[in-house]
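Here is the structure we will look at, set down as structure tokens.
The model shown is predicted, which means the values in this text are computed figures rather than measured ones.
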Amino acid sequence: MIGPRAAERLLAGLGVGLEADLLVLALTHRSFAHEAGGIPTNERLEFLGDSILGLVVTEHLYRSHPDLPEGELAKMRAASVSQRALARVARSIGIGPYILLGRGETTTGGADKDSILSDTLEALLGAVYLSHGLETTKEVILRLAGPTLERAASLGAGLDWKTSLQELVAGLGMSPVEYRAEGTGPDHARVFEAEVWVDGRERGRGKGSSKKLAEQRAAEDAYRRLGAETGPPG
């Protein structure tokens, strides 16, 4: 599975210790579990870690930006816990090579997919919470995600392209945004393509490893196109 030295390197990046069994569970992707005869996956830990991450980031933003309204805080949180942001953190501590993947995911580069990296990081945070409690998990999250939280304060529209596009469209008096997304390929290597339609016209396109990511990229494309056509909002 994962040797002692490999575990030591990974945990050094995480900054805390974990019991061997819990660490292996946090690294077990469903593709590996299926090929291994249906052993437990890291999805329950991911669910837990996602909740803890959201709580810690929300509290940090609330305390750090006392003058910002709820809408701006929500955008900052979305940017800080986005799939792309979490995958960046996962890469910074070298999680990818240690994820237990099935053959299909391994051959298609699953260890470097944003979706798998972000999910595994959340599972590891869930494991940290079970082992060490909330305060230690909070310290780990703020240490690992600190640069992302700082960056979120100055990203503007890029915090959440879907929200920003909706605000731009409303300000221009156009019809509501409509997303059309379609996935292709096998489950282990699925690719989604999304289109954004406004006023009966396609305004942007995007691709990603999840429907959510594809829609965000399509929204970014549409936001930039509309901004170029109409000038800065306001």
Note to self: Taking side-chain contact (heavy atoms from CB on, under 4.5 Å) as the criterion, tell me which of D50, I95, L53 meets it with L121.
What the structure shows: I95
Margin query: Can you pull out every side-chain hydrogen bond (donor to acceptor under 3.5 Å, both in side chains) where at least one residue sits in residues 113-125? Sequence neighbours excluded, please.
Written below: R91-D114, E105-K113
Notebook entry, point to check: Can you list every side-chain hydrogen bond (donor to acceptor under 3.5 Å, both in side chains) pair that touches residues 4-19, not counting sequence neighbours?
Noted result: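 Output for this query lists R9-Y98.
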Residues two or more places apart in sequence or in another chain: which of them pass side-chain hydrogen bond (donor to acceptor under 3.5 Å, both in side chains) with [X]?
X	result
S82	none
E195	W197
R63	E59
Q166	none

Next item on the list: For R143, enumerate each residue passing the salt bridge (charged side-chain N to carboxylate O under 4.0 Å, His left out) test, keeping only those at least two apart in sequence or located in another chain.
Entry: none
Next item on the list: Could you pull out all residues at least two apart from R203 that satisfy salt bridge (charged side-chain N to carboxylate O under 4.0 Å, His left out)?
Entry: E229
Distance-only criterion, 3.5 Å: show the donor-acceptor pairs between side-chain atoms of residues 123-136 and protein atoms not counting sequence neighbours.
residue	atom	partner	partner atom	Å
S131	OG	A127	O	3.1
H132	NE2	G17	O	2.7

Next item on the list: Indicate, with yes or no, if V57 and V140 share a hydrophobic cluster defined by side-chain heavy-atom contacts under 4.5 Å among Ile, Leu, Val, Met, Phe, Trp and Tyr.
Entry: yes
Check: Can you hop from I39 to L23 via hydrophobic side chains spaced under 4.5 Å?
Finding: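 Hydrophobic grouping puts I39 with L23.
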Would you be so kind as to tabulate the donor-acceptor pairs closer than 3.5 Å made by side chains of residues 173-183, with sequence neighbours excluded?
residue	atom	partner	partner atom	Å
S175	OG	D199	N	2.7
S175	OG	D199	OD1	2.8
E178	OE2	R180	NE	3.0

Notebook entry, point to check: Do you know which two heavy atoms are closest between A85 and S80, and how far apart they sit?
Noted result: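 That closest heavy-atom pairing would be CB-O, 3.7 Å.
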Note to self: By the salt bridge (charged side-chain N to carboxylate O under 4.0 Å, His left out) test, which pairs, at least two apart or in different chains, include something from residues 23-39?
What the structure shows: R30-E43, E35-R103
Next item on the list: List for me each residue that meets side chain to side chain contact (heavy atoms under 4.5 Å, CB included) alongside L68, sequence neighbours excluded, and say none if there are none.
Entry: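 Here the qualifying residues are H65, E72, L73, M76.
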Margin query: Please identify which of these residues, R217, Q216, R224, meets the side chain to side chain donor-acceptor pair (under 3.5 Å) condition with E220.
Written below: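 One option only clears the test, and that one is R224.
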